[in-house]
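Here's the structure, in structure tokens; my notes come after.
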2 protein chains.
Amino acid sequence: MHTRERILKAAAEMIAEDATTTLSVRAVAARAGVSTGSLRFHFPTQRALRDEVLTRIYQHFIPDDPIRDSSRPARDRLVDCLRQVLAAAGVGDEARTAWSAVYQQFIAPEPSAKVRTAYRAYERVSADRVEYWLGVLADEGALPREDFAPKVQFLLTVLNGLSVQRALPSGESVLQAETETLYIAADAVLGSGSP
Amino acid sequence: MHTRERILKAAAEMIAEDATTTLSVRAVAARAGVSTGSLRFHFPTQRALRDEVLTRIYQHFIPDDPIRDSSRPARDRLVDCLRQVLAAAGVGDEARTAWSAVYQQFIAPEPSAKVRTAYRAYERVSADRVEYWLGVLADEGALPREDFAPKVQFLLTVLNGLSVQRALPSGESVLQAETETLYIAADAVLGSGSP
DNA sequence: ACCTGAACACCGTTCAAGT
DNA sequence: ACCTGAACACCGTTCAAGT
């Protein structure tokens, strides 16, 4: 087995065991049984390592997600993906109990180190997922390749806002309002105003 | 001047010079002319320092009614207004207790007619405010006069997302992340990327 | 009570040196 | 071409010791 694969396997195992883990150079290298220098040779930066690991994980878990269907407009696909995240938030009572859990877990208690790392783990999973989608769309040229960080942050904020609005007493046409908001957000990220 | 103030001043200066900066223990301590231990004495954790600095920045950075100051770019003014809403959400513990109130009032109880109308009233105040800002900017021609409803909805969602993120265990550079998100949102509403 | 600075246990990256 | 591991320049936190 090639060194590169050993490194990726070690990293994947560590993430599987604990999604909180930071995948530090030394930890991954030790687990893979290689030196830090060797790891750096194959992955010029820690970020490069993480990106590679993530693409594999997402490819494995969701092979046929909407983002890959390049026959549809980029913005429609991005909105669908965001909606997929939102679906997990539930509607009505489900949304309320879901947010109760979030509240009890992350907002009510003092933000101790434990609480903080737990939330970070949760947050990072979402961020990575969104970043992955943007990466795919960037490969198609649907948006510039630059740094996605601000756009990821922005989309996560919109998702947070929408999911909390699902838990709050809602207005009449939730679905329509959400759709409009999601398309405004998608267009903001993809740069153009109309398809 | 007390040590504590010297530390806060040094940190504020560093952020003013570069909003990206991480405010490391040693850098702030050196600039303030105190030891790292002393800094730790006054601020038990780096996060405590950052929270304190942020509250001060938000307290001092808000001018009154920025929307009418037509000498400045529309997007800057809109962002300032949104920031003003956000300032009410507080930072750190304040944000947590604020969201606890929202949770207990609107999410935890069954959405009875009473709860629902109470929330609607609260929601409409925010919506009217945002709509007012968009109206002013539309008068200047900064955005089309069409129906603002979807844009108002969108901005309220972003504000909801940001304020809940303040209550959740936050990452390092909250200020920078919020600023970037607010500008993306403002540009999405104003239609163009530049003033 | 306030402050010091060394020490600890971590980071990610670089690089001369080996095979 | 691939790999090693020491070295560098950082982190945040702890803590015995001083005043």
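Below, read A as the first sequence line, B as the second, and so on, with proteins coming before strands; counting in each chain starts at 1.
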Presence of salt bridge, [Y] and [X], under 4.0 angstrom:
{"X": "K9(A)", "Y": "E13(A)", "value": "yes"}
{"X": "K151(B)", "Y": "E146(B)", "value": "yes"}
{"X": "E52(B)", "Y": "R56(B)", "value": "yes"}

(message) Through direct or indirect side-chain contacts below 4.5 angstrom among Ile, Leu, Val, Met, Phe, Trp and Tyr, which residues connect to W99(A)?
(response)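 Hydrophobic cluster check, W99(A): joined to V102(A), Y103(A), F106(A), I107(A), V115(A), Y119(A), Y122(A), V164(A), L168(A), W99(B), V102(B), Y103(B), F106(B), I107(B), V115(B), Y119(B), Y122(B), V164(B), L168(B).
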(message) Using the side chain to side chain donor-acceptor pair (under 3.5 Å) criterion, which residues pair with E140(A)? Sequence neighbours excluded.
(response)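 If we apply the side chain to side chain donor-acceptor pair (under 3.5 Å) test to E140(A), skipping adjacent residues, the hits are R77(A).
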Between the protein and nucleotides 7-10 of chain C, which nitrogen or oxygen pairs are less than 3.5 angstrom apart?
none

(request) Residues of residues 42-54 of chain A with any non-hydrogen atom less than 4.0 angstrom from an atom of DNA chain C: list those, numerically ordered, please. (result)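 Those residues whose heavy atoms fall under 4.0 Å from DNA chain C, taken from residues 42-54 of chain A in numerical order, are T45(A), Q46(A).
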(message) Determine whether D76(A) and Y183(A) satisfy the following criterion, side chain to side chain donor-acceptor pair (under 3.5 Å), listing intermediate values before the conclusion.
(response) CA-CA 8 Å; D76(A) 291 341; Y183(A) 269 106; 2.6 Å; yes
(message) Give me the atom names and distance for the closest heavy-atom approach of A27(B) to M14(B).
(response)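 Reported closest heavy-atom pair: CB-CE, 3.7 Å.
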(message) Show me, range against range, the stems involving DNA chain C, built from at least 3 consecutive Watson-Crick or G-U pairs below 3.5 Å.
(response)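 As far as DNA chain C goes, consecutive pairing (with distances under 3.5 Å) yields the stems C:4-8 with D:12-16, C:12-16 with D:4-8.
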(request) State plainly whether one hydrophobic cluster holds both L86(A) and V91(A), where clusters connect Ile, Leu, Val, Met, Phe, Trp and Tyr through side-chain heavy atoms under 4.5 angstrom apart. (result)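 Different clusters.
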(request) Could you please name the option among dC3(D), dT14(C), dC3(C) that lies closest to any side-chain atom of R40(A)? (result)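 Minimum distance to the R40(A) side chain belongs to dT14(C).
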(request) Please tell me which of the listed nucleotides, dT4(D), dT13(C), dT4(C), lies nearest to the side chain of S35(A)? (result)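 Of the candidates, dT4(D) comes closest.
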(message) Under 4.0 Å from OP1 or OP2 of dC2(C): is there any side-chain N or O of S38(B) that close?
(response)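 For S38(B), the contact criterion (side-chain N or O under 4.0 Å from OP1 or OP2 of dC2(C)) is not met.
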(request) Just grab all the salt bridge (charged side-chain N to carboxylate O under 4.0 Å, His left out) pairs involving residues 15-25 of chain B, residues at least two apart or on different chains. (result)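 Of all non-adjacent pairs touching residues 15-25 of chain B, those that pass salt bridge (charged side-chain N to carboxylate O under 4.0 Å, His left out) are E17(B)-R31(B).
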(message) Are the side chains of F43(B) and R4(B) in contact, using a 4.5 Å heavy-atom criterion?
(response)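 They are in contact (side-chain heavy atoms under 4.5 Å apart), so the answer is yes.
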(request) Round to a whole Å and report the spacing from CZ of R6(A) to C1' of dC2(D). (result)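 Answer to the nearest Å: 13 Å.
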